[in-house]
Amino acid sequence: MSALLEALAKDGVEGELVGNKPMALPTSEAQVQAVLKRAHADGLRVVPMGLGSKLEWCRPEYITSADLLVSTRRMDKIIDYVPGDGTLTAQAGCTMTQLEEHVLTGGHRLTPAVALPGRSTLGGVLAAGLSGPDRQKRGPVRHHVLGTRVVLPDGTLARSGGRLVKNVTGYDLHRLHTGSRGTLCILLEASLRLFPRADDHTHLIREEAELDGLLARCVELRTLECEPLAWTLENHGGPWRLHVALEGRGRAHEEDVRDVERVLAPQEILRGPQADEAFDALRGLDASGGWGEARALTRTSRLSAILRMLEKEDGLHVVAQMGIGEVRLQSPGLNEASTERQIEQLEEWRQRLTPLGARLEPRMVRAQTQEDLAPALAAQPALDWMFRLQDEFDPKAQFRSPSFPGRRA
Amino acid sequence: MQEQIVTQLRAIVGPEGILTDSTALLAYESDGLTLKRQRPELVLLPRDTNETAQCMRVLHEHGIPLVPRGAGTGLSGGATPVPNGVLVGTARMRDVLELNAEDRFARVQAGVVNVDLTRCCDGDGLFYAPDPSSQMACTIGGNVAENSGGPHCFKYGSTTRHILGLVIVTATGEVLHLDEADVDPAGFDLVGLFVGSEGMFGIATEITVQLTPIPPVTETLLAIFKALDPCCDAVSDLIAARLEPSAIEILDKLAIQAVEASVFAAGYPQEAEAVLLLEVEGRESAVEDTVERMLPILEAHGLLEVRRARDAGERRKLWAGRKGAFGAMGRIAPDLYVADVVVPRTRLREIVRYATDVCSERNLKISNVFHAGDGNIHPNISYDRRDEEEVARVLEAGDLIMETCIKYGGSLSGEHGVGLEKQAMMSRLFTPDDLSVMERVRRCLDPDGRLNPGKMFPVRSCKEVRPQLAGSPGEST
Ligand SMILES: Cc1cc2nc3c(=O)[nH]c(=O)nc-3n(C[C@H](O)[C@H](O)[C@H](O)COP(=O)(O)OP(=O)(O)OC[C@H]3O[C@@H](n4cnc5c(N)ncnc54)[C@H](O)[C@@H]3O)c2cc1C
């Protein structure tokens with residue numbers, strides 16, 4: 001047992017060792033505050049976490065440089081689900097599965113539909129700024145966070161927003177916290193907007209050996225009246241597969257299906273529970289399977305050119321959200337390659353993607369790789385404001401990451 | 001202000017870009033919250049980002065406070081000038097810089113009027129979704145600063161969901177480009193943070209907005225009720241039934257009468273106690289299905305009649321009535337206090353009833369026109385600002401309504417912002433730590449606090465300040 005865990009135990013906070021890293025497991029807001037006050041006094045480097053499923057890419061340096069991991073996984077109470085208002089407030093340690101199941105009882109859905117909902121906590125998902133394939137219809141998760149409660153590095157507890165679907169009182173600090181990868185605060189609680197669960201679901205898939213035919217169909221799909229729940233083009237080594245997931249009700253849903261069917265000429269049309277399973281499989285594609293990964297972010301009109309370029313890469317797995325402008329590049333083995341090899345690969349992608357108007361974001365690569373590439377990939381002009389915010393709230397740099405939100409060029 | 005500074009500023013913006021004459025400055029003494037007034041030292045109207053940045057550098061050099069201003073339609077005093085301060089207006093920044101129909105975005109200067117943005121893209125089958133009722137006048141820059149809403153934000157969300165990028169001129173005159181229309185922010189979401197910051201983080205000079213495809217079919221319904229309470233309950237039940245119209249708005253009897261007596265007359269039935277204006281959009285079958293499901297819910301709450309707009313002309317008329325309602329209230333009394341509070345949508349009836357009772361107990365004329373679907377109510381109190389005693393009653397009623405909203409789990413503002421109007425109430429909603437964290441964020445971005453000073457945050461011990469609402473920085477008239 002580490003001395004730090006023993007000291008925390010005296011404050012009533014349990015913990016355990018993960019490898020040789022002490023991990024505090026607070027069960028209440030007061031305990032999180034107590035942990036952070038101690039860490040602040042001792043100048044410890046802290047990495048906040050949930051169940052750890054995203055640490056590998058969000059904060060890969062945790063393995064080497066963190067003095068203390070603070071997990072909110074034991075703070076897993078659903079605080080308020082108001083079906084009549086379509087809102088949910090829950091503690092950061094609730095898993096997405098727990099929340100999805102809970103709101104389904106009142107006929108609601110939650111966004112984002114993440115890859116590993118049972119292994120992802122609400123706090124982790126929000127801090128990672130994750131989206132799922134349902135972003136096509138629902139938009140990014142940051143649009144649906146209504147409010148947060150957080151603890152700052154010095155132990156201060158603060159709230160922003162609320163539990164209301166509409167609210168402009170005070171600054172939207174919850175927008176700042178969402179996607180900040182635990183570099184500004186620990187999320188304790190969040191309120192989310194929910195979505196009505198649709199009665200009917202249909203999942204259509206077309207498979208082709210060549211990319212071009214599917215891209216042509218995408219152009220036409222974009223002109224349709226329907227709003228797909230998900231619209232994903234993927235390649236995992238074999239043929240290319242284009243998925244369109246639809247949700248709706250009755251006649252309108254059938255018309256949507258007919259329209260998509262006409263344009264897509266799908267080989268598979270799955271309905272009801274089978275459609276749900278297919279959608280879950282689509283969510284699962286977002287998990288990199290432990291491979292080295294990068295995201296290319298761009299405008300939708302540039303996707304075709306980018307995908308054509310990637311088509312020529314041997315052994316590369318690709319998942320593209322066609323209505324959003326996001327492409328995931330998953331490279332088996334890259335996660336295990338040396339730092340030099342990772343940098344070389346990512347640099348090569350960057351140099352080919354930048355002229356096509358895409359920004360690259362590495363994932364699932366070594367901390368050193370992320371750190372070395374950070375100056376080239378950061379939004380340099382905005383870094384000044386970001387660093388000022390970090391300096392203000394984390395003057396001892398306890399929560400800092402060497403690669404996020406970026407490094408100066 | 002020293003003549004030498006004025007000369008410096010004039011050299012940047014030219015003679016058309018600076019107003020110093022006291023008659024010209026009169027128009028800038030207040031925004032839509034006319035209770036608060038303060039004459040600015042001068043008004044600057046730069047033409048673009050570069051001129052704005054140069055002006056800001058001069059103001060920074062001389063430590064002069066400033067207030068950004070769009071069209072001045074704000075209702076919380078956000079654009080009220082500050083003593084010894086300058087107004088920096090965006091009225092000459094009206095260009096649409098880029099329209100990209102394929103990727104569905106537009107890049108505009110901050111002074112572009114909301115409705116002009118939609119006009120410029122409707123030929124491409126697109127529109128800009130946030131539609132404040134003031135959209136004929138208000139600017140996209142003002143919308144960003146207030147995170148404005150509008151009737152159709154029930155479906156599409158407030159401004160923040162439609163902003164992709166910004167060019168910001170900081171308090172020191174630096175230009176910060178956050179303007180790539182990208183999927184996710186690189187680093188922290190500074191755009192999301194800026195939206196709704198009420199002109200306290202910088203001046204947005206260019207804004208990249210998401211555009212939305214015009215829905216194939218739009219159905220507008222006017223549901224007429226014999227009482228306001230059941231009309232509110234009908235809305236709560238529509239939400240609970242998880243139906244998804246695009247707009248759900250309520251007007252009560254006094255509002256209906258004011259509209260019908262005005263140029264915005266929309267054919268609302270004057271004998272009705274309340275009407276519900278509903279819009280449903282999508283493909284035809286989806287629209288029909290939603291309407292079919294809505295009707296029994298409305299009927300269960302004493303629906304008297306439902307009228308459907310037969311064509312685009314009728315639809316426009318129905319909406320003109322709703323959007324012109326605040327203006328129409330000029331017929332009731334010379335001044336209007338537009339409250340703007342939010343409650344969970346399950347508490348709609350209670351808060352509307354409470355607001356009505358509070359006003360009638362104080363012999364005040366209240367009319368309700370509001371975004372019912374979002375739980376965002378606007379109890380509008382008509383008054384005469386020359387009657388000091390009546391002003392005091394108005395303010396007291398406003399405070400009580402806000403307090404009750406907080407008690408119901410609601411909030412102080414759904415769309416108009418805090419500004420000067422609600423700053424004193426902030427400490428009822430937030431703890432001192434919550435507020436101090438917000439102030440620290442502000443200090444990071446504007447260390448000298450020269451951008452829109454004296455707004456949003458309560459002056460410490462603000463309970464004592466509140467009764468003289470007309471205190472600094474604006475003065476009562
Ligand atoms: C009749 C009427 C109806 C209304 N209906 C609605 C409604 O339905 N929904 C709604 O949300 N609001 C409504 N409003 C309020 C108002 O129109 C909105 O708040 C609007 O967004 C203000 O825009 P503006 O250009 O007039 O901004 P202003 O009033 O000039 O300024 C508002 C705030 O924004 C800041 N600001 C302005 N421009 C910039 C910029 N470029 N950069 C940084 N800060 C800036 C100002 O400092 C101020 O704090 C209504 C007002 C009226 C009078």
Side-chain angles (χ1 to χ4, degrees), chain A residues 82-87 107-108 129 139-140 142-143 152 156-160 162-173 175-176 178-180 196 225-226 248-252 255-256 297-301 324-326 359 377-379 381-383 385-386 388-389 392-393 404-406, chain B residues 102-103 146-147 149 153 157-158 160-161 176-178 181-190 192-193 195-197 216 236 239-240 242 244 282-283 285-286 289 342 344-346 371 374-376 409-415 417-418 426 429-431 433-434 437-438 440-441 443-445 456:
Chain A
V82 192
D85 199 28
T87 57
H108 282 109
R142 61 181 182 274
H143 287 177
L152 300 172
T156 307
L157 191 111
R159 174 171 79 87
S160 90
R163 299 179 182 181
L164 301 150
V165 292
K166 194 175 182 195
N167 183 10
V168 299
T169 316
Y171 302 143
D172 279 0
L173 301 188
R175 288 290 295 261
L176 190 61
T178 306
S180 67
E225 282 177 5
C226 67
R249 192 166 45 213
R251 192 153 61 87
E255 285 175 14
D256 284 351
L297 304 162
T298 188
R299 298 179 189 169
T300 47
S301 63
I324 296 165
E326 182 204 65
R359 177 168 71 79
L377 301 179
L383 276 184
W385 271 26
M386 298 187 201
R388 277 198 236 171
L389 289 163
E392 174 67 32
F393 291 104
F404 185 88
Chain B
E102 192 178 2
D103 285 315
E146 300 288 16
N147 190 9
C153 292
S158 298
T160 190
R161 272 159 72 176
L176 184 63
H177 284 266
L178 305 172
D182 209 342
V183 178
D184 282 322
F188 301 150
D189 181 12
L190 296 180
L193 177 66
V195 177
S197 60
S236 296
I239 307 290
R242 304 184 307 281
E244 291 183 298
R283 64 156 69 233
S285 48
D289 177 66
V342 209
R345 296 170 294 181
T346 46
H371 310 303
D374 287 316
N376 182 193
S411 186
L412 299 175
S413 175
E415 53 181 23
V418 176
M426 287 288 273
L429 186 63
F430 292 109
T431 66
D433 276 350
D434 299 338
V437 169
M438 289 185 205
R440 285 165 68 190
V441 169
R443 266 208 312 276
C444 287
L445 310 180
M456 189 188 289

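The structure presented is a predicted model; accordingly, all values stated were derived computationally and were not measured. A note on names: the letters A, B, ... follow the listed sequences, proteins ahead of strands, and every chain is numbered from 1.
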Could you walk me through whether E392(A) and R388(A) pass the salt bridge (Lys or Arg N to Asp or Glu O under 4.0 Å) check?
-> CA-CA 6 Å; E392(A) 174 67 32; R388(A) 277 198 236 171; over 6 Å; no

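- The minimum heavy-atom distance between R359(A) and A186(B), with the atom names listed, is NH1-CB, 3.3 Å.
- For L297(A), the parts sitting under 4.5 Å from any heavy atom of chain B are the backbone and the side chain alike.
- For S411(B), the parts lying near chain A are the backbone and the side chain together; criterion is any non-hydrogen pair under 4.5 Å.
- For V437(B), the parts lying near chain A are the backbone and the side chain together; criterion is any non-hydrogen pair under 4.5 Å.
- Across all their heavy atoms, G84(A) and I239(B) have their closest contact at O-CG2, 3.3 Å.
- Nearest heavy-atom pair, T169(A) versus L412(B), reported as atom, atom and distance to 0.1 Å: OG1-N, 3.4 Å.
- If you measure heavy-atom distances from F404(A) to chain B, the contacts under 4.5 Å come from the side chain alone.
- When each of M426(B), H177(B), E146(B), E415(B) is checked for heavy-atom pairs under 4.5 Å with chain A, E415(B) comes out on top.
- What you find for G162(A) and N167(A) is that their closest heavy atoms are N-ND2, 3.7 Å.
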Test log, rule side-chain contact (heavy atoms from CB on, under 4.5 Å), inputs W385(A) and L176(B) = CA-CA 9 Å; W385(A) 271 26; L176(B) 184 63; 3.5 Å; yes

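- Contact between G187(B) and P405(A) at its shortest, heavy atoms only, is CA-CB, 3.7 Å.
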Verdict with supporting geometry, D256(A) and R283(B), side-chain contact (heavy atoms from CB on, under 4.5 Å) | CA-CA 9 Å; D256(A) 284 351; R283(B) 64 156 69 233; 2.7 Å; yes

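- Residues satisfying the side chain to side chain donor-acceptor pair (under 3.5 Å) test with R175(A), not counting sequence neighbours, are T160(B), D189(B).
- The choice from H143(A), E225(A), R163(A) that makes the most heavy-atom pairs within less than 4.5 Å of chain B is H143(A).
- With a threshold of 4.5 angstrom between heavy atoms, R159(A) approaches chain B through its backbone and through its side chain.
- In terms of heavy-atom pairs under 4.5 Å with chain A, the best-connected choice from G414(B), A286(B), G192(B) is G414(B).
- For the side chain to side chain donor-acceptor pair (under 3.5 Å) test, no residue two or more places apart in sequence or in another chain qualifies with R443(B).
- The most heavy-atom pairs under 4.5 Å with chain B, out of V165(A), I324(A), D172(A), come from V165(A).
- With a 4.5 Å cut-off on non-hydrogen atoms, N376(B) touches chain A through its side chain but not through its backbone.
- Using a 4.5 Å cut-off between heavy atoms, L178(B) touches chain A through its side chain atoms alone.
- Top candidate by heavy-atom pairs under 4.5 Å with chain A, chosen from P344(B), G196(B), A240(B), G410(B), is P344(B).
- The choice from L190(B), V418(B), T346(B) that makes the most heavy-atom pairs within less than 4.5 Å of chain A is L190(B).
- Contacts between M438(B) and chain A at a heavy-atom distance below 4.5 Å involve backbone atoms as well as side-chain atoms.
- Looking at D289(B), the atoms closer than 4.5 Å to chain A (heavy atoms on both sides) all sit in the side chain, from C-beta outward.
- Annotation: maximal heavy-atom pairing with chain B below 4.5 Å, among R251(A), E326(A), R249(A), H108(A), occurs at R249(A).
- Contact of R142(A) with chain B is made through the side chain alone, with heavy-atom distances under 4.5 Å.
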Given D374(B) and V342(B), is the side-chain contact (heavy atoms from CB on, under 4.5 Å) satisfied, shown in steps?
-> CA-CA 8 Å; D374(B) 287 316; V342(B) 209; 5.8 Å; no

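- For L152(A), the part lying under 4.5 angstrom from a heavy atom of chain B is the side chain only.
- Contacts between L445(B) and chain A at a heavy-atom distance below 4.5 Å involve backbone atoms as well as side-chain atoms.
- Side-chain N/O atoms of D433(B) and T431(B) include no donor and acceptor closer than 3.5 Å.
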